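Here is the naming used below: chain letters follow the sequence lines, and residue numbers restart at 1 for every chain. The structure presented is a predicted model; accordingly, all values stated were derived computationally and were not measured.
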Amino acid sequence: MSTTNPVILSSSKDDVVLTPELLAKYEPVIGIECHVELKTVSKMFCGCPNAFGGEPNTKVCPVCLALPGALPVPNAAAIEHMIRAGLAFGATIPPHSKFDRKNYFYPDMPKNYQISQYDMPLTVGGVVRYWLDDGRRGECRLTRIHLEEDTGKSTHVGSTDGRLAASTSSLVDFNRAGVPLMECVSEPDIRSADEAVAYLETLARTFRELGVSDVKMEEGSLRCDANVSIRLRGATEYGTKAEIKNMNSFRSVRRAIESEIARQIQVVESGGRVIQETRGWDEAAGTTHSQRSKEQAHDYRYFPDPDLVPIDVSADDVARVRATLVETPYERYVRYVDTYGIDTKRATQLVDDHVLAAWFDAAVAASNNALATVAFVLGDLARLANESGTHVAQGKVTPAALAELVGLTQSNAINSKGAKQVLETLWTDGGSAQAIVEREGLAQVSDRGAVEAIVDEVLAANPKVVDDYRAGKTNVLGFLTGAVMKASRGKANPALAQDLLKEKLSSA
Amino acid sequence: MDPIHDSARALARAVNARDASAAEIAEALIPHAARADAQLAAYLELTPELMRAQARRVDERVAAGESLPLAGVPLAIKDNMCVLGTRTTAGSKILENFVAPYTATAVQRLLDAGALPVGKTNLDEFAMGSSGENSAYALTKNPYDLDRVPGGSSAGSAAAVGGFAATVSLGSDTGGSIREPAAFCNVVGFKPTYGRVSRYGLIAFASSLDQIGPFARSVEDAALVYDVMAGKDPLDATSVDRAVEPTAGHLREDLRGVKVGIVKEFDLAKLDPAVRACYEAAYADLERLGAELVEVTLPTADYGVATYYLIAPAECSSNLARFDGVRYGLRVDGPDVGAMYERTRAAGFGPEVKRRILIGTYALSSGYYDAYYLKAQKARTRFAEDFARAFERCDVIASPAASTTAFKFNAKSDPLAMYLMDYYTIPVSLAGLPSLSVPCGAAVPDDGTRPMPLGLQLATPLFTERALLGYAHAYERATQHAQKLTPPETANA
Amino acid sequence: MPADRIDIRHVARLARLALTDDEIATFGPQLGSLMTHVDALAQLDTENVPATAQVIPSRNVQRGDALRPATMLTREAALQNAPQAQAGYFRVPRIIAEEG
């Protein structure tokens, strides 16, 4: 999990055991480039659906198949998504932008050039602030976010393991060709695999919150490459970096980066030098391997796409999008932890479900008690939703009703058992907590006289237990309290019952 | 009604008035075009079935009370434009069996307006050439001398209209591919402002320069076709969203008070004496018709070919990358996909296309981009500025459309000499201006005995098509040069 | 500038064009002479001149995010021109190395 665990590369002859001391000697420097599919109805440059799956080559038209004579027309919603994403991270939206062609041949790229953005991206700069599981916080500067189009998908056939190298031919499906992608390029500000994952998680949360992407990892809608180098701690120069590709989950990002850091340390410790290259992550082997040497460096021949006209973004456009921005997941997390005092784990749990978080915020606004509210929302309410296979926000419990319930428990109007019962009724029938308490007679009995009468009854009915207590077996108090609760059909204020029991047992 | 020789305007009028049917025009044209084409090789494919089916639809619509601007007008279509269900080759082996599954916007608009598709015309492969000789399939002949080229790249479209094998046709012009063959074939060839006519469905050569335009035997007919196809197309981001003034029926008839710019750098002394005499007479005619000739300067003129032969090949090298044997067209198999690409493209592209792909790839490649491609783009700005300055002093610029009359086949084997054929048309293309070639007389070439046609190029500021067509119309009406020459071999066909 | 200054083999590889030795021998001088003509452009003053990618003044030509079923192709139409198709896919010879 963390880089402080020793990692042993068993594949090499010159095994270097990566002790914590060795890992502490070097500082990893990591930059991330990730591609995120934008959530739109139609593709980037044509009116075909941007939807996952389907029979091969059924979501295609002359444009995304690159038939002779077909022309691209950009999707306005994708451009607006970019501006929204950039603004959420405090990026600058330059007034002028354009599309360029990146030229290279690949069978799943129909035009044999990709429409992308080279020197005038839609967003420049910005900072991604993130937090780690242990509550530490960090930040990573963004270099830019630019807009481009996805390729189709090739399946390699003729080999038994589906891998490229042994295949005899490939089958190409262009359903994904032309789906809008944003490429987020970070500065090399990341210092560990955990930070890299935290950075990516925050990107994903933010894009979901903004509605610019669903970020479905299993559908490949977030793919990333990492530039990894190491240097002696305290050094100011960067080391030679390797670009790690083919990581398709957060788990593989963490493993791949850790493995690459270990490999580079081992190379350096055994007197070698890290070379600049692209390395592929092999999930099964748990290692990266060299993919392309430098001499095969590409010449993409970028130039402005002459089929498209420049993009101007006015200050008004930016202001209009900015006005629609809401609190980012990071800001929400900070509010939960710093202002509400919610622990990191539960705060993260809420932030990760932005619909639930919004529901929670509405409930807190009414209850004015975040900690009591979060206990319900992530406790019994989450359990009820889970059991019935729906989402809290889709159930019959309104934020106002929960706030009312929180109020009833806080004022001791009902006890926790009653609260649980009220919540279950709310979940099934909806309505108001107060009304349920009244209808079902669940109001907690905190009247001293009434509880005292029950206590007296219980003590009278259990003389042996009373003797035991007085003989020093004070743990029977729980039994007696339970008996009082039972006799009151659960409505007695348990704290009051216990106080009265102690009082009477010690006084007589 | 004469379906072969009548103007588009007259045919449409007759069909709309139900004095003639589209079906009878089609039935007259189908055998006639086939006979004429046996000599001209203007068409790569005749489409009689499409033409008949379209004629039936037109007659039905007219019978239902519709009036169609191009009702029953026989139209030839350059084979770099997609027409649903037709083989669309762009004159290249690499698209030998490609059947278009959609129709270009410009073509669709003409069909919707009642035009009858006679066939798909020959062209220099991917519209790269100035003689028509770069087609992978056929050698189109000049209707005025079958031993000579029709000009290019819209070779078949110019020859078909010049040789009366169609009434009007569509060409595409990147650096002169409509204007030069129009001059060679004694027809009007009109390139609208870049962005006026949708390029959707036009197989791209150089996207920032390509523009579809009509060939016709009169300015009025060219205007008629232009009016129907001009205007914003949501499928082409470079098509301009700007009102199109109707031109046909709104053309001025005189040149009184018009300031005609004569470009100082376009020195007629460089031309063959007979050609020079023809252009001097044309300028004199303009003056005689009431225009005032003013000298304007285009300091960049001599850099046109250099600028163009960086920008157009650069764009072409990228545009033609899609011809890779994966989704359509020719495939020459290989042990792996890379070998398949290289073999397919080696077998599918002709030498001129290969040359331009190589030039363009080089101009964009790492280390050369700034010196070549970027420099050319900056030069392009200078062309636009020079023209803007010139138009402060004049309304229209007149010049030769081509520096010679049509030459004999295989006369120009050096690519650079061929490229320099477009010396007059290229600067106008770089600036995106509307421009046309209108017949302006003839000259007997040194190596011939028969007078060959010449064209006067007129160009006006961006989006001033109506004015441009008006000046040409007035000139044409007063001089009637097109009518003074008839194609010898096909006149009686 | 020498006529053979262009590394035609390298450029041809970028462009995915297999050239014969004859073609290289022919194209070399032809491209060399064109590039010599093009070199004259260096004399044109473009100091402080912006580059023109498009002559028209259009900006922000975009479309609304909507499906356009009319332009979509059926799978049959999409594959009708395919040199090789299999099970609804375009089939290509094996891909040896990553190009991207």
Contact leader toward chain C among [options], where contacts are heavy-atom pairs under 4.5 Å:
{"options": "B:M340, B:K354, B:E385", "value": "B:K354"}
{"options": "B:F463, B:Y362, B:F383, B:Y368", "value": "B:Y362"}
{"options": "B:L430, B:T381, B:L416", "value": "B:T381"}
{"options": "B:D324, B:L310, B:L320", "value": "B:L310"}
{"options": "B:A321, B:S365, B:P351", "value": "B:P351"}
{"options": "B:G334, B:G329, B:G432, B:A237", "value": "B:A237"}

Chain C contact via [X] - which portion, at a heavy-atom distance below 4.5 Å:
{"X": "B:A100", "answer": "backbone"}
{"X": "B:F98", "answer": "both"}
{"X": "B:T307", "answer": "both"}
{"X": "B:P415", "answer": "side chain"}

Are [X] and [Y] side-chain neighbours, meaning at least one heavy-atom pair lies under 4.5 Å?
{"X": "B:L420", "Y": "C:H37", "result": "yes"}
{"X": "B:T297", "Y": "B:D386", "result": "no"}
{"X": "B:E342", "Y": "C:R13", "result": "yes"}

Specify the closest pair of heavy atoms between [X] and [Y], including all atoms of both residues, with the distance to one decimal.
{"X": "B:I212", "Y": "B:S198", "value": "CD1-O, 3.6 Å"}
{"X": "C:A78", "Y": "C:F90", "value": "O-CZ, 3.4 Å"}
{"X": "B:T103", "Y": "B:L84", "value": "OG1-N, 2.9 Å"}

- request: Would you mind checking which part of C:Q43 comes under 4.5 Å of any heavy atom in chain B, side chain (CB onward), backbone (N, CA, C, O), both or neither?
  value: both

- prompt: chain B heavy atoms under 4.5 Å from C:A42: which part of the residue, side chain, backbone, both or neither?
  reply: backbone

Do [X] and [Y] have side-chain N/O donor and acceptor atoms under 3.5 Å apart?
{"X": "C:T46", "Y": "B:K375", "value": "yes"}
{"X": "B:D233", "Y": "B:S239", "value": "no"}
{"X": "B:D236", "Y": "B:T238", "value": "yes"}
{"X": "B:S208", "Y": "B:R380", "value": "yes"}
{"X": "B:Q211", "Y": "B:R196", "value": "no"}

query: So which of C:T26, C:L34, C:L19, C:L17 has the biggest tally of heavy-atom pairs under 4.5 Å with chain B?
result: C:L17

- prompt: Who among C:V38, C:L44, C:V92 has the most heavy-atom pairs with chain B under 4.5 Å?
  reply: C:L44

Donor-acceptor contact present, side-chain [X] to main-chain [Y], <3.5 Å:
{"X": "B:D79", "Y": "B:T89", "value": "yes"}
{"X": "B:N319", "Y": "B:F205", "value": "yes"}
{"X": "B:R109", "Y": "B:G231", "value": "yes"}
{"X": "B:D336", "Y": "C:P93", "value": "no"}

- request: Identify the residues of residues 53-61 of chain C whose heavy atoms come closer than 4.5 Å to a heavy atom of chain B, ordered by number, or report 'none'.
  value: C:A53, C:Q54, C:V55, C:I56, C:P57, C:S58, C:V61

- prompt: Are there residues of residues 66-76 of chain C that reach to under 4.5 Å of chain B by heavy atoms, and which ones?
  reply: C:R68, C:T71, C:L73

- prompt: For the residue pair B:Y309 and B:Y419, does the interplanar ring angle fall in the parallel (under 30°), tilted (30 to 60°) or perpendicular (over 60°) class?
  reply: parallel

